[in-house]
Amino acid sequence: MKQRISQVLDGKVDVGSRVTIEGWVRTRRDSKAGLSFIAVHDGSCFEALQVVAPAELPEYVDVVQKITTGCAVRVTGVVVASQGKGQTVEVRGESVEVVGWVDDPESYPMQPKRHTMEYLREVAHLRPRTNVIGAVTRVRHTLAMAVHRFFHDRGFFWIHTPIITANDAEGAGQMFRVSTLDAANPPRTPTGAVDWNQDFFGKQAHLTVSGQLNVETYCLAMSQVYTFGPTFRAENSNTRRHLAEFWMIEPEIAFADLAADAQLAEDFLKSIFAAVLAERKDDLAFFEKFVDPGCQKRLAAMVESKFERMDYGDAVKVLAQSGKTFEFPVSWGMDLQAEHERFLTEEVVKGPIAVINYPKDIKAFYMRLNDDGKTVAAMDVLAPGIGEIIGGSQREERLEVLDARLDEMKLPKADYGWYRDLRRFGSVPHAGFGLGFERAIQYATGVENIRDVIPFPRAPRQAEF
RNA sequence: UCCGGAGUAGCUCAGUGGUAGAGCAGGCGGCUGUUAACCGCCUGGUCGGGGGUUCGAACCCCUCCUCCGGAGCCA
């Protein structure tokens, strides 16, 4: 019977039963005692299965002894207790078939040894066969499923917000243009400007930088909703924390204020990381050993912790009085820098913290103005080792206040017609937040560069594969 | 985009002015219920590209490209 390797190694298949497994070869070791050991993985779990191929097999010389790293194989044999030390069970092969050969072993880029992450990025089509990318892939999947489960269990609806947008108003960063016009020779208006009227959508269009504005519309109908999909930023950011294409999770809750939003963020983070701890012990053990010693402890601590809440004003005071010298001196009104956020979460609180009520001048137009008239109901959730992991806010539900904010920031009201309508027809207090999915994977695994937690990273000057 | 670091064999790296090395991978052989095994031999490089200094450059200078880290922007 055909089995995934995880089933065999987890003891879900009885010793003595005959199985067929299919996968790719990590290593082959021959023994002159008349055996070959073939480590086979199929992605179902971290460990590879050891196949013992005895020399008596008719295909031993022509097939088994020619197997190299990377070959795709189908093996039928009996599950037996292992005589060796590295594993409890193994499969004694009765038939070993190579489904796909590595036609030139010397040129196969994946060697049975440690490669740098930079090198693996150059062979992104084959890197999922490595331990580290395989483990990342399983953790990524587990987190994605945990995200959906968390929201589904609480009655949220998953809203598929558009990827192409003609909103000129999302305002979250530089956008990628979507156009079918001939870039070398676009149609022109009489004044010589590009005539976007003749473009596919009859106006300028871009890839979305956030689904928030769209999802707010469904929030004010379905009460609890979220988006989870690809997002794009055309910023020239060259860091280990930024991608041009990444996945973002943005829940939005109606009849809710900032406190409810912060509570949701806390419950959410704990829930998805608890899922990884429970479901991917094998992969976490690997990250612990080879990537980030302490990552399991950090995750467990996050799941057990109570998130602190701290007012922005208090955070500024704490930083100013800390006696620590910062590259950017702290004063009320400035945005907190990475060094400040790290200090707060790693030195002051020593755990996750939600900083709330930021000065309105450093935050977006849609964030709800507080009664003091100078701060908005915004929050950043900071976590040790990563800094800001979530940004969110209560949204401005009062039309006149929203309009005043638009005017203040010199944003044209005409561009916000449908968004303003939400404040005209049955408006309610509502709130939400955004989480960069890849950042969550980085946090869970300790993988340093964000390009290694997404299958095919897109970044400035990088769109291979 | 700014600051710093790096680019030498398929991979990981050593080599700071005198003509290129190791480990791993690959090939051949040996050995072993092996564990990214171990032992021996062999194969393998226009030293990122271009220009300059010098009798002579992997090494010094200029420039471009690429990658990494930090910052900014942010998620």
Just to be sure I understand the rule, does [X] reach a base, reach only the sugar-phosphate, or reach nothing, if contact means heavy atoms closer than 4.0 Å?
X      : value
A/S82  : base
A/L243 : base
A/Q337 : sugar-phosphate
A/E327 : nothing

For residues A/H340 and A/F328, establish whether the separation of their ring centroids is below 6.0 Å.
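Ring centres of A/F328 and A/H340 not closer than 6.0 Å.
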Please confirm whether the ring centroid of A/F437 lies under 6.0 Å from the ring centroid of A/F246.
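No, the ring of A/F437 stays outside the 6.0 Å limit from the ring of A/F246, centre to centre.
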For [N], which nucleotide in any strand shown is its Watson-Crick or wobble partner with both distances under 3.5 Å?
N     : answer
B/C41 : B/G27
B/A22 : B/U12
B/G56 : none
B/G7  : B/C65
B/U35 : none
B/U1  : B/A71

Does [X] contact [N] through a side-chain donor or acceptor facing the base, at a distance under 3.5 Å?
X      : N     : value
A/R241 : B/G70 : no
A/N238 : B/U1  : yes
A/S237 : B/C73 : yes

Looking at A/F151, I'd like to know if the NZ or CZ of A/R149 sits under 6.0 Å from its six-membered ring centre while staying within 45 degrees of the ring's axis.
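Because its charged atom misses either the 6.0 Å distance or the 45° angle limit, A/R149 does not stack over A/F151.
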Assuming nearest nucleotide by heavy-atom distance, tell me which of A/F437 and A/N236 is located more 5' along RNA chain B.
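It is A/N236 whose nearest nucleotide is closer to the 5' end.
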Return whichever of A/L35 or A/R28 has its heavy-atom-nearest nucleotide of RNA chain B closer to the 5' end.
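First, find each residue's nearest nucleotide; the 5'-ward one identifies A/L35.
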On the 0 to 90° scale, with breaks at 30° and 60°, tag the [X]-[Y] ring pair as parallel, tilted or perpendicular.
X      : Y      : result
A/F232 : A/F176 : perpendicular
A/Y226 : A/W158 : parallel
A/Y419 : A/Y416 : perpendicular

Collect all protein-nucleotide pairs involving nucleotides 10-13 of chain B in which both atoms are nitrogen or oxygen and the distance is under 3.5 Å.
from  : atom 1 : to     : atom 2 : distance (Å)
B/G10 : N2     : A/Q111 : OE1    : 2.9
B/G10 : N2     : A/Q111 : NE2    : 3.0
B/G10 : N3     : A/Q111 : NE2    : 3.2
B/C11 : O2     : A/K113 : NZ     : 2.4
B/U12 : OP1    : A/T116 : OG1    : 2.7

Determine: side-chain N/O of [X] to OP1/OP2 of [N], distance under 4.0 Å, yes or no.
X      : N     : value
A/R461 : B/C65 : no
A/R240 : B/G70 : yes
A/R342 : B/A71 : yes

Please determine which of A/V13, A/L9, A/D42, A/L49 meets the side chain to side chain contact (heavy atoms under 4.5 Å, CB included) test together with A/R4.
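Of A/V13, A/L9, A/D42, A/L49, side chain to side chain contact (heavy atoms under 4.5 Å, CB included) with A/R4 is met by A/D42 alone.
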Cationic N near anionic O, under 4.0 Å, A/E346 to A/K350
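Salt bridge absent between A/E346 and A/K350.
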So, are A/R395 and A/E252 salt-bridged, with charged N and O less than 4.0 Å apart?
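Judged by the 4.0 Å cut-off on N to carboxylate O distance, A/R395 and A/E252 do form a salt bridge.
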Suppose you measure atom [atom1] in [N] against the same atom in [M]; what distance do you get, rounded to whole Å?
N     : M     : atom1 : answer
B/G29 : B/U54 : C1'   : 49 Å
B/C41 : B/G23 : P     : 9 Å
B/U19 : B/U8  : C1'   : 15 Å
B/U66 : B/G49 : C1'   : 11 Å
B/C62 : B/G4  : P     : 13 Å
B/G26 : B/U12 : P     : 16 Å
B/G40 : B/C24 : P     : 9 Å
B/G7  : B/A58 : C1'   : 11 Å

Taking A/V209's backbone N and O only, do any of them form a donor-acceptor pair with A/T231's side chain (distance below 3.5 Å, no angle check)?
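Absent.
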Let me know the distance between CG of A/L120 and P of B/C68, rounded to the nearest Å.
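So the CG-P distance, A/L120 to B/C68, works out to 13 Å.
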Is there a side-chain contact between A/Q204 and A/R177 (heavy atoms, below 4.5 Å)?
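Contact flag for A/Q204/A/R177 side chains = yes.
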Return the polar atom pairs (N/O with N/O) between nucleotides 6-8 of chain B and the protein under 3.5 Å, or none.
none

